[in-house]
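No experiment lies behind these values; they were computed from the predicted model shown. By convention here, the first residue in the shown sequence is residue 1.
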Amino acid sequence: MDFLTPEQRHRCMAAIHSKDTKPEMVVRKFLFACGFRYRINHPRLPGKPDIVLRKYRTVIFVNGCFWHGHANCKLFSLPQSNRDFWQQKIARNKKRDKAVQQQLATMGWHCITIWECQLKKEQRQQTLERLAFTLNRIFLNDHRVDRTYAIPQEEAMTAAEPDPKSTTDLGKKN
């Protein structure tokens with residue numbers, strides 16, 4: 001049961017902003033402290049990702065469990081009042097998130113989603129360490145040199161050696 005009037009509830013929910021949230025700030029401070037440089041809410045990318053690491057070709061979405069409908073999470077439960085509205089809103093958010101991530105993937109970007117519940121004190125350090133590990137792994141895989149070079153055989157010549165089979169001697173004048 002909701003203890004607030006519909007007008008009070010509307011004001012409360014409208015006051016929640018989508019940028020510079022506490023979980024997002026935790027991730028940003030960690031990344032900066034580890035030496036990762038990023039841009040925030042890049043306007044040219046679909047969905048304006050929370051954090052964009054261009055060097056790593058990676059975007060990070062820091063999602064609130066309630067607003068993005070995190071399944072099997074204790075922080076996500078539908079409000080008792082206006083239930084149909086919230087079900088539709090969260091379903092639209094999930095659909096939009098999936099479409100944005102597919103667009104970014106087709107553009108060649110790696111997408112990482114960090115949930116609000118993963119940044120609670122009990123799991124925060126482990127989550128952030130996994131994030132750093134994943135970013136380093138992405139960087140190494142994207143910048144790996146896959147070229148194999150053939151080792152010259154003994155019979156192969158180098159450019160400085162004269163061809164022993166040649167009949168002309170470069171030291172003689174004709």
Between T58 and V52, does the side chain to side chain contact (heavy atoms under 4.5 Å, CB included) criterion hold? Intermediate values first, please.
CA-CA 6 Å; T58 301; V52 179; over 6 Å; no

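With a 6.0 Å radius and a threshold of 12 heavy atoms from other residues, nucleotides or ligands, K48 has its NZ atom at or below the threshold. For R137, the CZ atom is loosely surrounded, since the number of other residues' heavy atoms within 6.0 Å does not exceed 12. Counting heavy atoms of neighbouring residues, nucleotides and ligands inside a 6.0 Å radius, atom CZ of F32 does not exceed 12 of them.
Legend: ring-ring contact (aromatic ring centres under 6.0 Å, His included) pairs involving residues 36-56, not counting sequence neighbours, sorted by first then second residue: F36-Y56, Y56-F139. Pairs engaging residues 91-126 under the ring-ring contact (aromatic ring centres under 6.0 Å, His included) rule: H70-W115 [sequence neighbours left out]. Sorted by first and then second residue, the salt bridge (charged side-chain N to carboxylate O under 4.0 Å, His left out) pairs with a member in residues 26-44 read D20-R28, E24-R28; sequence neighbours excluded.
In this structure the side chain of D50 never reaches within 4.5 angstrom of the side chain of I40, judged on heavy atoms. Counting only heavy atoms from C-beta outward, the side chains of F61 and L104 approach each other to under 4.5 Å. The side-chain heavy atoms of L128 and V26, taken from C-beta on, include a pair separated by under 4.5 Å. A heavy-atom distance below 4.5 Å is not found between the side chains of I112 and V59. L78 places a side-chain heavy atom less than 4.5 Å from the side chain of Q87. For the pair R83/W86, no side-chain contact is recorded, criterion being any heavy-atom separation below 4.5 Å from C-beta on. Using a 4.5 Å heavy-atom threshold, the side chains of P23 and I114 count as separate.
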Exercise answer: donor-acceptor pairs, residues 119-126 side-chain atoms, under 3.5 Å, sequence neighbours excluded:
residue, atom, partner, partner atom, Å
R124, NE, L119, O, 3.0
R124, NH2, L119, O, 3.2
Q125, NE2, E129, OE2, 3.2

Under 3.5 Å, which donor-acceptor pairs do the side chains of residues 95-102 form with other protein atoms, sequence neighbours left out?
residue, atom, partner, partner atom, Å
R96, NH1, N93, OD1, 3.2
D97, OD2, H68, ND1, 2.6
Q101, NE2, T113, OG1, 2.9

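Of the inter-residue distances, the one linking L75 atom CG with Q118 atom CD reads 11.0 Å to the nearest 0.5 angstrom. I51 CD1 to N41 CG: the interatomic distance, rounded to the nearest 0.5 Å, is 9.0 Å. To the nearest 0.5 angstrom, E116 atom CD is 11.0 Å from W67 atom CH2.
Closest approach of C117 and C65 over heavy atoms only: N-SG, 3.4 Å.
I138 and V62 fall within the same hydrophobic cluster, where Ile, Leu, Val, Met, Phe, Trp and Tyr residues are linked whenever their side-chain heavy atoms come under 4.5 Å apart, directly or through other members.
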